[in-house]
There are 2 protein chains.
Amino acid sequence: MPRAGLDQAAVVAAGAALADEIGFAGLTMGRLAERLGVRTPSLYKHVAGQEDLNRGIAALALTEAASAVGTAIQGRAGRDALGAAAHAFRDFVLAHPGRYAATIGVEPTGPDDPIAVAGLGLLEAFSAVLRSYAVGPAETDHALRTVRSAFHGFATLQSANGFQWSADVGESFEWLIDLLDRGLHTAAGPVS
Amino acid sequence: MPRAGLDQAAVVAAGAALADEIGFAGLTMGRLAERLGVRTPSLYKHVAGQEDLNRGIAALALTEAASAVGTAIQGRAGRDALGAAAHAFRDFVLAHPGRYAATIGVEPTGPDDPIAVAGLGLLEAFSAVLRSYAVGPAETDHALRTVRSAFHGFATLQSANGFQWSADVGESFEWLIDLLDRGLHTAAGPVS
DNA sequence: AGGCACTGGCTAAGTACGTTAGCTTGGGGC
DNA sequence: GCCCCAAGCTAACGTACTTAGCCAGTGCCT
């Protein structure tokens, strides 16, 4: 009986792909094992359990999202960069809803947790966008959280079909980007 | 053996309370039954199953959130109303993380689904805020989605401890509200 | 008051999933 | 060629969701 030749990365990658196909909620150890042509307990040679698998998928998703955003903003600045980052992020979430869903509700265990590292990578990509706006250093964190919240909220709501009514969703997203663009340009003055 | 006197509303309410206490992921039919002093299968006399329970909790959460926001903005307008709505929403999510988590990833089955109705109620509350801004009718939907996305994103990220680094989270939230306020004031001109 | 029907509880049992224990064997290094 | 470890396997257990079917409390009607 030949071996499958799996390792942790392969199991996590397959789990992410399967989650994208059937939804994160439907991802089980049994289904993943079947997909990999292996019996369920064999997966435990590569991941510590379902929790560990989920965390691996979450870290992978954040890393890939950071990479997509980082690539998209190359050579751009201002509203151009903001729009590119926004679309890259949303496209990623819509193309990979399962693996991005794995990132929701996951808490990093510490600063060295791969999830924390990958999350910081994504923030760094957004941070590069802000550098082309005149946002003071004291406000960078606030602006970063604001942009991240807006993108995360929009993408997850759309991914869950939270937008039911009439208007075109793509148009709404452009509107959101415009609002952020205006808000970042006029960001000035102390908060406290 | 005396009867517990349960009904659907009581089961859903207890489920929501339990989810707030132990986290939505930890909510099981068994634990909920134990909390209610009843055996697990008895719950099925009131809810069709766990999926149905989750949907009930989600609808309850959206209804309560809408009520909280609606009450908070009474007699306010402009930035005052926006800030009141934002804080009412975020306070609700942070005070009831379990039941709000039930709303994530739930798709309404149709326009008559209680979840869809409750979701529209929450949007109506936010819509009342926008009426005190000079947002054109053609842009109301976009502005609504933008505000909803920003609040939802911020509240869920904070609820999941997604903000790890230094700056004060409350200050960031004020910054987000200010950005939205500025963006809504200057909202003008066609999108397409 | 007595009886009837309905409702809401119960036990028992089946299915699915996660997980652990312990065995077996493929395949590379000496 | 032998040894050893990693990676597969089977067996088994615990927990959770769900269904089937039974029984008793409660309200209503006569």
Side-chain angles (χ1 to χ4, degrees), chain A residues 1-60 98-99 101-102 104-107 109 115, chain B residues 1-60 98-99 101-102 104-107 109 115:
Chain A
M1 192 174 299
R3 296 204 174 178
L6 298 176
D7 58 1
Q8 208 235 5
V11 170
V12 169
L18 188 54
D20 287 339
E21 282 178 42
I22 65 177
F24 180 64
L27 178 66
T28 76
M29 299 293 278
R31 268 199 266 264
L32 178 55
E34 186 183 19
R35 165 68 58 106
L36 289 167
V38 138
R39 300 293 186 154
T40 307
S42 304
L43 297 181
Y44 288 79
K45 296 290 181 180
H46 307 291
V47 296
Q50 193 166 51
E51 177 72 18
D52 186 45
L53 172 66
N54 292 348
R55 300 180 75 85
I57 294 174
L60 176 66
R99 69 188 71 187
I104 300 174
V106 174
E107 295 194 31
T109 57
I115 291 174
Chain B
M1 192 176 300
R3 296 204 174 177
L6 298 176
D7 59 2
Q8 208 236 3
V11 171
V12 168
L18 188 54
D20 287 340
E21 282 179 42
I22 65 177
F24 179 63
L27 178 66
T28 77
M29 299 293 279
R31 269 200 265 263
L32 179 54
E34 186 183 17
R35 165 69 57 106
L36 288 167
V38 137
R39 300 293 185 154
T40 306
S42 303
L43 296 180
Y44 288 79
K45 297 290 182 177
H46 306 292
V47 294
Q50 194 167 51
E51 176 72 20
D52 186 46
L53 171 67
N54 292 350
R55 299 180 75 85
I57 294 174
L60 176 65
R99 67 189 70 188
I104 299 174
V106 174
E107 295 194 31
T109 57
I115 291 174

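A quick note: this is a predicted structure, and the numbers were derived from the prediction, not measured. Proteins come first, then strands; the chains are lettered A, B, ... in the order of their sequence lines, and each starts at number 1.
Between B:Arg55 and B:Val47 there is no side-chain heavy-atom pair separated by less than 4.5 Å. Side-chain contact check for B:Leu53 versus B:Val11: some heavy-atom pair is nearer than 4.5 Å.
Following rounding to the nearest Å, A:Leu6 (CG) and D:dC9 (P) show an atom-to-atom distance of 9 Å. In this structure, the NZ atom of A:Lys45 is 14 Å from the C1' atom of C:dG26, given to the nearest Å. Per the geometry, CG belonging to B:Asp7 stands 16 Å off C1' belonging to C:dC6, to the nearest Å. Here the P atom of nucleotide D:dT19 and the CG atom of B:Asp52 are 11 Å apart, to the nearest Å. Atom-to-atom, CG of A:Leu36 to C1' of D:dG8 comes out at 13 Å; the value is rounded to the nearest Å. The distance between atom CZ of A:Arg39 and atom C1' of D:dA11, rounded to the nearest whole Å, is 12 Å. The interatomic distance linking B:Leu43 (CG) with C:dG8 (C1') rounds to 11 Å, in whole Å.
Residues that satisfy the side-chain hydrogen bond (donor to acceptor under 3.5 Å, both in side chains) test with B:Glu34, not counting sequence neighbours, are absent from this structure.
When all heavy atoms of B:Ala16 and B:Leu60 are compared, the closest pair comes out as CB-CD2, 3.9 Å.
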Identify every side-chain donor-acceptor pair in residues 35-42 of chain A under 3.5 Å, counting partners at least two apart or on other chains, and give the distances.
| unit_1 | atom_1 | unit_2 | atom_2 | d |
| --- | --- | --- | --- | --- |
| A:Arg35 | NH1 | A:Glu21 | OE2 | 3.0 |
| A:Arg35 | NH2 | A:Glu21 | OE1 | 3.0 |
| A:Ser42 | OG | A:Arg39 | O | 3.3 |

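The shortest distance between the side-chain N/O atoms of A:Ser42 and the OP1/OP2 oxygens of D:dC9 is below 4.0 Å. The side chain of A:His46 contributes no N or O atom lying less than 4.0 Å from OP1 or OP2 of D:dA6.
A:Arg31 places a side-chain N or O within 3.5 Å of a backbone atom of A:Gly26 that can act as its donor or acceptor partner.
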N/O-N/O pairs, protein side and nucleotides 16-20 of chain C side, under 3.5 Å:
| unit_1 | atom_1 | unit_2 | atom_2 | d |
| --- | --- | --- | --- | --- |
| C:dG18 | OP1 | A:Met29 | N | 3.2 |
| C:dG18 | OP1 | A:Gln50 | OE1 | 3.4 |
| C:dG18 | OP1 | A:Gln50 | NE2 | 2.5 |
| C:dG18 | OP2 | A:Met29 | N | 2.8 |
| C:dG18 | OP2 | A:Gly30 | N | 3.3 |
| C:dT19 | OP2 | A:Tyr44 | OH | 2.8 |
| C:dT19 | OP2 | A:Gln50 | N | 2.8 |
| C:dT19 | O5' | A:Tyr44 | OH | 3.3 |

